[in-house]
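Atoms within each ligand, like the ligands themselves, are counted from 1 in listed order.
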Amino acid sequence: MIRRISTKFLLAVLAAVVLPFLGFALFVDHEMAGRLSKDVVLYSLKGLAADLALRVDRDIEEFNTNTALLAADPGSYMALDEALREEAGELEGEKPEDRVMMRGTQADQFDNWVLSKRDYDLFLLVAADGRFVASNTLDRVGRPLAPEVRTALATQNYAHEVWFEAAKTGQRFAVDQHRSDLLPPHAPDDPASAENYHIGFASPVYWPRDADHPEMSERFMGVLYTLVNWSRMQDEVESPVLKSYFQGLVGPDEFPSAYGWIWKSDADTILAHRDTSLYGESVSRSARIRLPQMVEAARASDWGLYPEYEFFGRRKNAAFKHTKAREDGGFGWIVGVGIDNDDIFTGVRELRALLFKATLVVLLVAVVWTMVIARRTTAPILALREHALRVGAGDLDGRVAVSTRDELGELAGALNTMTQELKENRERLVRAEKDAAWREMARQVAHDIKNPLTPIQISIDVAKRARDERSPEFDAIFERTVDIVQRQVAHLREIASDFHALTGARKPVRERVDLAELLAQVLELNRAYAGELGVELELLSIPAVVLGDAALLRRVLMNLVSNALEAMPNGGRLRAEIASAGGELELSVRDWGSGLPEEVRSRLFEPYFTTRSKGTGLGLAIAKRVVEDHGGRIELVAAEPGPGTIARVCLPRAPSA
Ligand code: ADP
Ligand code: MG
C-alpha cells in the first residue's frame, strides 16, 4: 500500500497534537467535574449549613432574650401586682379605668412589640396561680384579635401548662415547634402552612430586689409566655441567600435548586422544609422520603456532608449542621442545605460543551493546516518525481520549476544541472557515435572494394599469361576478362556511389526500394565468402517494397548477413527470408551459429559493443538507427529450436503506387 506523504504528515500531527490535546481536554473535564466544581459546591454547602445554623441560633437567642427582657420589665411585675391587689380588694376605692391601668399599659407595650417585630403572635402574662393577666390585643398586621379569642385567652387557667410549670421553678423554657391551641390557625385554608405553627418562650416574672418592701423582694409574680410564628423559621430555610449563593452555577436566567430545611433534635422529623406538606414526616420511615442514611449521617456528627442521595427523583448533595442544644438555650435542631446535582454540573456541562467545541475547532484547524502544509511540501516533491520520470523516459529538455529556498529547492537545482549534463553527454555521445559510424562505413567500404579487386586482378593476370604464351584461347579469355572487369567496375561504381550517398553529400532519399532484390544482391556479394566458410545460403522471399534509402538499407542487410556468417566460422546454414506480417514486412536472417549468450543479448545495440577482435561494435547500433529512421523495429532473438540466432527487421510496407 502506498502511503502519501501528506497522509503521513496528517497522522503525525494527529499523534503529536490532537491526541495529547484530546487527553488534556478529558483531563480538564474530569478535574473540572471533580475538584473544580463538585468539591467547591460541597464546601459551599457545608459553609451555608453552618451559616443557617448560626442564623437560627441567633433567632432563638433573640426570642429568648426578648421574652426575658420583657419579663424583667417593670410593666410586667407592676401589671401582675395590680392584678394581685385587685383580687385582694385593695383597689376598691379607685376609678374603674385606674384599676386596670398597669395591665392596659402592658397590653399596649405588647401590641407595640407585635407590630414592630412582626415575628410574635402572642404575649401572654400569667399570674403565679396560672390565671390570665394581660395579652396583646392586635395581630401582626395590626388587626384587633377577635373578641372570642380574647375571651378564650382571658378565661383559661395556665397553671398546668408545661411552660408554666417549668417557669414557675425559675427556669426559662422554650416550647418546640407545635400547633398552638391558644390562637386560631392563621391560615385555616392551608392546613400545611408554616403560619399555623409556633414556637413558644416562657420566662418567670419576679418582683425586683426591694429594700423598702422586704416582703416583696424577689417574689415570684407570674410567667410571661410568647409565641413566635413559625413562618420566621420557614423564611430562613427558604432564604434567597441560599439560592443566590449558587446563582453562578446556573446562569442569570435560571434559579438554583438550593434550599434548606430544619429537622427536630431526633434528627428524623421534618420541622421546616420548602415543601410544608412534609412537616412532621419521618425522614427515615416516611414512605415519601425514606432516607435513613441521611438520618444516620446527621446523628453521627455535628457538622458534615450527607451521602449523595435521591429525593423525589433528583440526585442531590447536601450538608447539615446541628444548632444549639437544649442545655445551651437552643432546640438541638439540625439544619440542612441541599442542591440538585443537575445544578452542580450545569457549569461543567457548559464548559464541557465549550471544551468539546474547542477540541473540534483545534482538530479541524490542525487537520486543515497540516493538509495545506503537506500540500505545499509535497508539491515540489511531486514536481521532482515528475521530472525524474521524464528524464527516465529520455526527455532531457524539461526543467524542474521548484523555486523554494530549502533542501528541495537545492535538490531541484541539482537535478536540473544533472539533466543538463546528461543532455550534453548524450550529445557528445551521439557525435562520437556518428564519427565511429563513419569510420565503420569507411572500413566496410574498403572491405567491399577489396572483393571486386581480386577477380579483376586474377582475370587480368590470366589474360596477360594467355597473351604471353600466345594462347590460341586468348581471344575467348580476353572477352571473359573484359566482361569480368566491366562487371566488377560497375560494382565498384555502385559502391562508390553508395559511399557518396552515405557521406551525406546528398540527403537520405525516400524512394521505393524492393527489399527482396536488395537482400538477393547482398547474399550474392557474400556468396564467395560463404563458400570459403562452408556456409550454405538460402533465400525465401516475397516481393517487398518499402519507402527508404536503398544504400542505407543495404548496409543494414550487409551487416546482418556478415554477423550471421561470422557466427559460423566452421560452416553451417544461413536462411534469409521476407514474409508479410500484418500490415508490415518482416525480414529475418537466421543462422545456425554460436547463438547469443545472455550478457551479449542485452548489449547488442550498444555502440562499440563487440565480441570480435576485428569488430567495431557499430554495425547493429547503426542498423537500429537506420531501421528506426525508416519507422521500423529490429531485434535479435535466440532461434527456437536452436542453435543459432534470428535477426528480425520489421518495416512498414510502401503504399502501393
Ligand atoms: P561487430 O559485428 O562489429 O562485432 P555488431 O554491432 O554488428 O558489431 O555486432 C555486435 C555483436 O553482436 C557481435 O560482436 C556479436 O557478438 C553479436 N552478434 C551479432 N549478430 C550475431 C549473430 N547472428 N550470432 C551471434 N552473435 C551475434
Ligand atoms: Mg557486425
Compare L560, N563, V561, L574 and give the one whose heavy atom is closest to atom 7 (O) of ligand 1. N563
A567: numbered ligand 1 atoms lying under 4.0 Å from its heavy atoms: 24 (N), 25 (C)
Basic-acidic side-chain contact under 4.0 Å: D435, R431: no
Tell me if the CD atom of E628 is crowded by more than 12 foreign heavy atoms within 6.0 Å. yes
Please report whether ligand 1 has a polar contact with E566, defined as an N or O pair separated by less than 3.5 Å (distance criterion only). no
May I ask you to decide if G644's main-chain N or O and D591's side chain share a donor-acceptor pair within less than 3.5 Å? no
Looking at ligand 1, does any of its N/O atoms fall within less than 3.5 Å of an N/O of L620? yes
Where ligand 1 meets L596 - atom numbers and elements under 4.0 angstrom, heavy-atom basis: 25 (C), 26 (N), 27 (C)
For L604, counting its heavy atoms only, list the atoms of ligand 1 lying under 4.0 Å from any of them. 12 (O), 17 (C)
For ligand 1, which is the ligand I care about here, please tell me if T610 has any N or O atom under 3.5 Å from one of the ligand's N or O atoms. yes
Which of the atoms in ligand 1, numbered in the order shown and given with their element, are less than 4.0 Å from a heavy-atom of D591? 22 (C), 23 (N), 24 (N)
Counting from 1, what ligand 1 atoms have a heavy atom of F609 closer than 4.0 Å? 10 (C)
Taking CD in E386 as the centre, count heavy atoms belonging to other residues, nucleotides or ligands within less than 6.0 Å. Is the count above 12? no
On a heavy-atom basis, I'd like to know which of I646, N559, L636, V589 is closest to atom 21 (C) of ligand 1. L636
OG1 of T378 to CZ of R385, rounded to nearest 0.5 Å, is 11.0 Å
Judged by non-hydrogen atoms, does G644 sit under 4.0 Å from ligand 1? no
Assess whether atom CZ of R375 is packed by more than 12 heavy atoms of other residues, nucleotides or ligands within 6.0 Å. no
Does CZ in F478 sit with more than 12 non-hydrogen atoms of other residues, nucleotides or ligands closer than 6.0 Å? no
